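Input: a single structure, listed below in structure tokens.
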Amino acid sequence: MPQNLSTASLQALPKAEIHIHLEGCFELDDFVRLATEAGEPLPRPKERLLEFEGLSEFLEFLDWICGLVRTPDQLARAAYAFAQRVSSSGARYADVIVNPTHWSPWRSNLRGFVEGLDAGFREAEQDGLASAGLCISLLRTQTASEAAELVDHLIAERHPRVVALSVDGNEARAGRTGTKFADAFTRAGRAGLRRTVHAGESSGPEGVWDAIDLLGADRIDHGVRAIEDDRLVAALVERGIPLDVCPSSNLTLGLYASLDEHPIDRLRRAGVRVSVNTDDPALLGLRLEDEYQRCVEHFAWDADTVRSVAETSIRASFAPEELQRTLLTDLAAW
Ligand code: ADE
Ligand code: ZN
């Protein structure tokens with residue numbers, strides 16, 4: 001590994017994190033505190049709480065933890081802790097995915113949900129921590145009318161904290177859903193919301209095709225299975241659509257056995273715009289600077305490669321233009 005790419009220098013690298021779920025940012029201590037505050041038992045012993053067998057079990061766990069967050073103050077605390085986390089990894093902006101279906105106490109009060117989170121993000125910004133834009137997410141298994149209802153709400157409210165419509169969840173379970181969600185994504189795009197789509201993780205290349213052709217995705221979350229279709233790789237390069245890649249998440253949730261098999265570097269060398277992200281860092285035990293370091297070590301990335309991946313994270317983010325310009329200036333000096 002080149003001398004100058006220490007973890008400290010990767011931590012200091014000016015960058016954005018653009019694929020990270022608030023649901024995946026609760027620490028073990030948070031579970032215990034929230035369960036105590038809610039008067040609920042842990043679903044299994046503390047030592048085994050973070051053992052998951054694949055994506056389905058993982059997503060069910062998110063329902064449990066988010067279901068414990070019941071007051072505006074608890075929401076604000078989660079948002080503030082999120083900003084502390086990304087700042088401590090040297091990210092200066094985050095697009096944070098939040099899926100209301102996991103947060104059962106807030107399902108019928110989306111306005112209160114966004115306001116509670118916004119209060120925590122605002123306080124964090126005032127304290128000099130990273131700023132955040134909310135990507136409000138549909139679950140793949142929701143219906144077209146639930147999607148329409150969510151988009152109606154987002155358009156009616158147009159809360160300045162909300163930057164994008166997203167869709168996540170288990171595509172293997174839901175099957176192809178591009179047509180089901182096309183109308184909701186089209187309307188969101190027309191209303192000025194950006195669009196980010198989980199695809200090419202629990203779906204193959206067909207999920208990524210649907211995301212770009214039917215959902216108008218500005219970015220793809222994961223997207224790594226695009227590597228299985230040369231024509232798709234060419235389309236991603238030609239259209240400049242970035243992939244928000246999460247290498248370790250893909251290993252832990254069973255997509256690839258090791259980084260040897262992981263396609264991030266093959267995609268990058270083919271000309272696809274890729275960024276490095278953590279997905280669900282607390283639940284998967286990850287830090288952003290370590291994800292960069294793993295790529296540096298495993299794929300022999302030099303400083304120019306790291307800089308260009310960080311540049312993609314900034315340019316592909318939904319951060320305001322002025323903040324993007326500041327980060328790019330700081331990146332050039334890194
Ligand atoms: N929600 C949280 N993490 C996810 C992942 N890796 N895939 C799909 N949905 C998610
Ligand atoms: Zn994700």
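Owing to the predicted nature of the structure, the values given are computational and were not obtained by experimental measurement. Numbering of ligands and ligand atoms starts at 1, following listing order.
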**Asked** Name of the Asp279 N, O or S atom nearest the Zn ion (ligand 2)?
**Response** OD1
**Request:** Just give me the atom name: the N, O or S atom of His198 closest to the Zn ion (ligand 2).
**Result:** NE2
Numbered atoms and elements of ligand 1 in range of [X], under 4.0 angstrom, heavy atoms:
{"X": "Asp168", "result": "1 (N), 9 (N)"}
{"X": "Glu201", "result": "5 (C), 6 (N), 7 (N), 8 (C)"}
{"X": "His222", "result": "6 (N)"}
{"X": "Leu62", "result": "2 (C)"}

**Min heavy-atom dist Asn170 to ligand 1 below 4.0 Å** = no
**Complete:** Counting heavy atoms under 4.0 Å, the part of Leu59 that contacts ligand 1 is side chain
**Fill in**
Paired with Glu291, the side chain to side chain donor-acceptor pair (under 3.5 Å) test is passed by just one of Arg287, Arg294, Gln293, namely Arg294
Would you tell me whether [X] and [Y] have side-chain atoms, one donor and one acceptor, within less than 3.5 Å of each other?
{"X": "His262", "Y": "Asn250", "value": "yes"}
{"X": "Thr71", "Y": "Asp73", "value": "no"}
{"X": "Trp64", "Y": "Glu40", "value": "no"}
{"X": "Thr305", "Y": "Asp302", "value": "yes"}
{"X": "His298", "Y": "Asp260", "value": "yes"}

**Asked** Can you tell me if His222 has an N, O or S atom under 2.8 Å away from the Zn ion (ligand 2)?
**Response** no
**Prompt:** the Zn ion (ligand 2) to Asp221: any N/O/S contact under 2.8 Å?
**Reply:** no
**Asked** With ring centroids as reference points, do Phe31 and Phe61 lie under 6.0 angstrom apart?
**Response** yes
**Asked** Does an N or O from Gly169, backbone or side chain, lie closer than 3.5 Å to an N or O of ligand 1?
**Response** yes
**Prompt:** Looking at ligand 1, does any of its N/O atoms fall within less than 3.5 Å of an N/O of Asp279?
**Reply:** yes
**Message:** Checking a contact table here: which protein heavy atom is nearest atom 1 (N) of ligand 1, and how many Å away?
**Reply:** His21 CE1, 3.3 Å
**Minimum-distance protein heavy atom relative to atom 3 (N) of ligand 1** = Asp280 OD2, 2.7 Å
**Request:** Keeping the roles fixed (side chain from Arg307, backbone from Trp334), state whether a donor-acceptor pair exists under 3.5 Å.
**Result:** yes
**Row check, Phe318 ring normal vs Arg219 NZ/CZ: under 6.0 Å, within 45°** = yes
